[in-house]
**Student:** 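If you scroll down you'll find the structure; I have some questions about it.
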Amino acid sequence: MKLKLERVKGTRDLLPEEMAKRRWVFERLREVFERYNFHEVLTPTFEYTELFKLRSGEEVVEQLYAFDDKGGRNLSLRPDMTSSVARLYVNSFQNAPKPVKWYYIANMFRYEEPQSGRYREFWQAGVELLGSSRVEADAEVIALFVESYLATGLDEFTVNIGDRILLDEFARMLGVKDDIGLMRLIDKKDKLSEEDFVEALKEFGLDDYGIEKVIALIEIKGLPDEVLPKAEELFTSREAKVEIARIYELVDLLNTYGVGERILIDLGIARGFDYYTSVVFEAIAPNDIGIGSIGGGGRYDNLIEVFGGKPTPATGFAIGIERLIPILEWKGIIPEPKLRPDIYVIPIGKESGVRKAAVEVVTALRMAGVKADIELTGRKIGKALDYAGRLGVPYVIIIGKRDLAEGKVTVRDMESGEQRVVGKERVVEEILNLTAL
RNA sequence: GCCAGGGUGGUGUAGCCUGGUUAGCACAGGGGACUGUGGAUCCCCUAGCCCGGGUUCAAAUCCCGGCCCUGGCCCCA
């Protein structure tokens with residue numbers, strides 16, 4: 001009779017090798033975040049469902065992992081970190097010196113159909129910068145965004161920058177009420193052929209003038225110097241002019257940060273979340289494994305207020321770990337983790353004196369900082385060496401009563417098969433010499 | 001939520017179309033040959049038809065439903 005114990009749909013078990021690689025990526029990210037003086041926070045995995053509903057978006061609410069706890073509270077697993085961070089800020093940091101610079105590396109939950117690069121539980125590494133509305137803050141965050149990918153060794157990627165104010169303005173110019181619908185359509189521009197795209201725009205209800213304008217908008221994509229002048233032609237309102245000037249300034253700063261060559265303007269990008277208010281951006285890395293955006297972010301100046309706080313401007317980004325790692329792996333960037341021990345201690349026989357000597361040796365090695373393991377299954381020496389060989393352990397220490405009677409143990413080089421008998425007291429020194437080479 | 005293709009020991013697979021012995025093979029795991037010397041060899045053992053229903057004398061095989069996986073749509077990290 002076998003119990004049916006299945007992993008929940010859309011979740012994964014991470015095995016030692018994957019964990020080691022993941023940790024390597026986390027460490028690289030954490031390092032850069034810290035260097036930019038962001039500080040790590042962690043909020044609860046679940047919050048009141050109300051919190052996530054507040055910032056609207058039916059789509060997001062439908063994807064919540066919601067449940068009632070025993071106290072009758074309606075709770076949800078977090079679908080992202082921004083809401084929780086905003087809640088934390090409103091709760092206790094409104095009077096903290098500005099800006100508040102936080103980062104997190106945590107798991108998120110969304111009830112969606114799993115597919116390539118998408119799980120129901122996934123991890124994000126992100127930052128939030130609260131309390132500055134200045135373009136310098138956007139530049140700081142986007143520069144860090146670029147540096148984060150560079151830190152993981154990713155070489156081929158771009159950060160595309162768009163703007164919500166301009167998109168809203170655009171929808172207004174065309175007299176479109178369903179601005180979100182239009183944005184989604186525009187978002188799909190790269191997936192459709194020119195004809196299909198025009199067809200879709202017609203279906204959406206645009207006239208020839210509108211279609212012409214949309215085409216003009218999506219052509220505003222490329223190097224900032226080349227496409228921003230086009231934006232100035234397309235947008236005429238004062239508000240739009242101000243925003244475009246701000247983007248110029250942003251680009252200029254990003255050049256100063258030294259990340260300018262990664263930056264492209266793409267006024268067609270909208271980003272999913274409704275809470276973004278002006279600059280939005282996403283990172284794209286070319287790949288053959290069906291992965292789109294590997295991270296994104298933007299400015300959200302209204303969210304804190306929506307959560308009942310004093311109006312506080314904010315900006316941030318999130319990197320999708322389950323999207324970044326496959327690309328890094330695909331490119332062979334993540335170093336192969338070393339899981340095997342450097343030393344494997346094999347006691348021969350079952351006599352307690354011998355086995356204790358083996359424990360003494362392995363303990364001494366471990367205290368000296370050596371990654372050492374000891375035979376624990378009682379298998380015979382032949383099988384034990386077989387095991388060590390398969391694992392690729394470079395050195396084995398064999399402890400038997402014959403040598404032990406003279407206070408000695410055998411050190412075996414698994415590569416060459418050479419063995420030497422050394423004093424038990426000297427074995428740590430011996431190993432440190434060997435492994436240093 | 002929708003669509004397509006899949007699901008056979010831990011892993012990879014044969015068998016399915018054309019229903020019929022004890023579901024075959026390889027690797028991995030455990031033990032032995034071998035009570036102090038490895039990756040070899042030989043032997044033994046462990047272990048499987050995703051779940052439920054239907055058709056049938058008989059179902060891994062055919063049919064229906066569900067679950068899960070892979071990918072696509074939607075959306076997004």
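Throughout, protein chains are lettered first and strands after them, A, B, ... in sequence-line order, and every chain is numbered starting at 1.
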**Student:** Could you work out the separation of C67(B) and G20(B) based on their P atoms and round it to a whole Å?
**Tutor:**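 Roughly 30 Å separates the two P atoms.
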**Student:** Which residues within residues 141-156 of chain A lie with some heavy atom under 4.0 Å of an atom in RNA chain B?
**Tutor:** none
**Student:** Which residue lies toward the 5' end of RNA chain B, Arg118(A) or Lys380(A), if each is placed at its nearest nucleotide?
**Tutor:** Lys380(A)
**Student:** Who is the Watson-Crick or G-U wobble partner of C2(B), with both distances under 3.5 Å?
**Tutor:** G72(B)
**Student:** Are Gln115(A) and G72(B) close enough that a side-chain N or O sits under 4.0 Å from OP1 or OP2?
**Tutor:**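 For Gln115(A), the contact criterion (side-chain N or O under 4.0 Å from OP1 or OP2 of G72(B)) is met.
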**Student:** Taking a pair as Watson-Crick or G-U wobble with both distances under 3.5 Å, which nucleotide is matched to G29(B)?
**Tutor:**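 G29(B) is paired, partner C45(B).
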**Student:** With a 3.5 Å distance limit and no angle check, can you tell me whether Glu282(A) reaches the backbone of Ile161(A) through a side-chain donor-acceptor pair?
**Tutor:** no
**Student:** Could you tell me whether the phosphate oxygens of C76(B), OP1 or OP2, come under 4.0 Å of any side-chain nitrogen or oxygen in Arg110(A)?
**Tutor:** no
**Student:** Please report the distance separating the P of C16(B) from the corresponding atom of C57(B), rounded so that it comes out in whole Å.
**Tutor:** 23 Å
**Student:** Measure from the side-chain N and O atoms of Arg412(A) to the backbone N and O of Pro394(A), and report whether any donor-acceptor pair falls under 3.5 Å.
**Tutor:**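 Between the backbone of Pro394(A) and the side chain of Arg412(A) there is no qualifying donor-acceptor contact (under 3.5 Å).
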**Student:** U55(B) and A47(B): how far apart are their P atoms, nearest whole angstrom?
**Tutor:** 33 Å
**Student:** So if I take every side-chain heavy atom of Glu113(A) and compare against C75(B), C73(B), C76(B), which nucleotide ends up nearest?
**Tutor:**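 So the side chain of Glu113(A) is nearest to C73(B).
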**Student:** Could you tell me whether the side chain of Arg323(A) has a donor or acceptor atom within less than 3.5 Å of a complementary atom in the base of C76(B)?
**Tutor:**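 Such a pair exists between side chain and base.
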**Student:** Which whole number of Å gives the distance between the P atom of A23(B) and that of C34(B)?
**Tutor:**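 Those two atoms are separated by 34 Å.
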**Student:** Using a 4.0 Å cut-off on protein heavy atoms (strictly under), produce a 5'-to-3' string for nucleotides 36-45 of chain B with B for base contact, S for backbone-only sugar-phosphate contact, and - for none.
**Tutor:** BBBBS-----
**Student:** Select from Ile321(A) and Arg7(A) the residue whose nearest nucleotide in RNA chain B is closer to the 5' end of that strand.
**Tutor:**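 Closer to the 5' end of RNA chain B: Arg7(A).
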**Student:** Could you give me the CA-CA distance, side-chain angles and deciding distance for Arg22(A) and Glu322(A), then say whether salt bridge (charged side-chain N to carboxylate O under 4.0 Å, His left out) is met?
**Tutor:** CA-CA 9 Å; Arg22(A) 177 171 283 249; Glu322(A) 280 74 12; 3.1 Å; yes
**Student:** Rounding to a whole Å, what distance do you find between Leu324(A):CG and C76(B):P?
**Tutor:**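 Between P of C76(B) and CG of Leu324(A): 20 Å.
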**Student:** Which nucleotide, if any, forms a Watson-Crick or G-U wobble pair with G20(B), using both distances under 3.5 Å?
**Tutor:**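 Across any shown strand, G20(B) pairs with C57(B).
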**Student:** Checking Glu169(A) now: which residues fulfil side-chain hydrogen bond (donor to acceptor under 3.5 Å, both in side chains) with it, not counting sequence neighbours?
**Tutor:**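 Testing Glu169(A) for side-chain hydrogen bond (donor to acceptor under 3.5 Å, both in side chains), a comparison that skips the adjacent residues, returns Arg172(A), Ser237(A).
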**Student:** If I pick the C1' atom on G71(B) and the same atom on G24(B), what distance separates them, to the nearest angstrom?
**Tutor:**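 Looking at atom C1' only, G24(B) and G71(B) are 31 Å apart.
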**Student:** Less than 6.0 angstrom from the centroid, inside 45 degrees of the normal: does Arg30(A) satisfy that with respect to the ring of Tyr103(A)?
**Tutor:** no
**Student:** Start with the C-alpha gap between Lys331(A) and Asp155(A), add the side-chain angles, then the distance that decides, and say whether salt bridge (charged side-chain N to carboxylate O under 4.0 Å, His left out) holds.
**Tutor:** CA-CA 10 Å; Lys331(A) 293 187 144 245; Asp155(A) 46 359; 3.1 Å; yes
**Student:** Hey, does Glu282(A) reach any base, or is it just sugar-phosphate, or nothing, if we go heavy atoms under 4.0 Å?
**Tutor:** nothing
**Student:** What is the pairing partner of G52(B), taking Watson-Crick or G-U wobble pairs with both distances under 3.5 Å in any strand?
**Tutor:**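 Its partner is C64(B) (Watson-Crick or G-U wobble, both distances under 3.5 Å).
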**Student:** Using side-chain heavy atoms (C-beta onward) and a distance below 4.5 Å, is Leu77(A) in contact with Leu64(A)?
**Tutor:**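 Leu77(A) vs Leu64(A): side chains apart.
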**Student:** Would the distance check show the side chain of Glu375(A) and the main-chain N or O of Thr377(A) forming a donor-acceptor pair, the cut-off being under 3.5 Å?
**Tutor:**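 Answer holds: yes.
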**Student:** Would you mind pulling out the nucleotide paired to G36(B), Watson-Crick or G-U wobble, both distances under 3.5 Å?
**Tutor:** none
**Student:** Base, sugar-phosphate, or nothing for Gly378(A), non-hydrogen atoms under 4.0 angstrom?
**Tutor:**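 Touches nothing.
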**Student:** Look at the aromatic rings of Phe317(A) and Phe145(A) and report parallel, tilted or perpendicular, splitting at 30° and 60°.
**Tutor:** tilted
**Student:** Expressed as a whole number of Å, how far does the P atom of G29(B) sit from that of A40(B)?
**Tutor:**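 The same atom, P, in both gives a distance of 10 Å.
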**Student:** Got a donor-acceptor contact below 3.5 angstrom from the Thr315(A) side chain to the Asp138(A) backbone?
**Tutor:** no
**Student:** Heavy atoms only, 4.0 Å cut-off, all strands: where does Gly117(A) land among base, sugar-phosphate and nothing?
**Tutor:** base
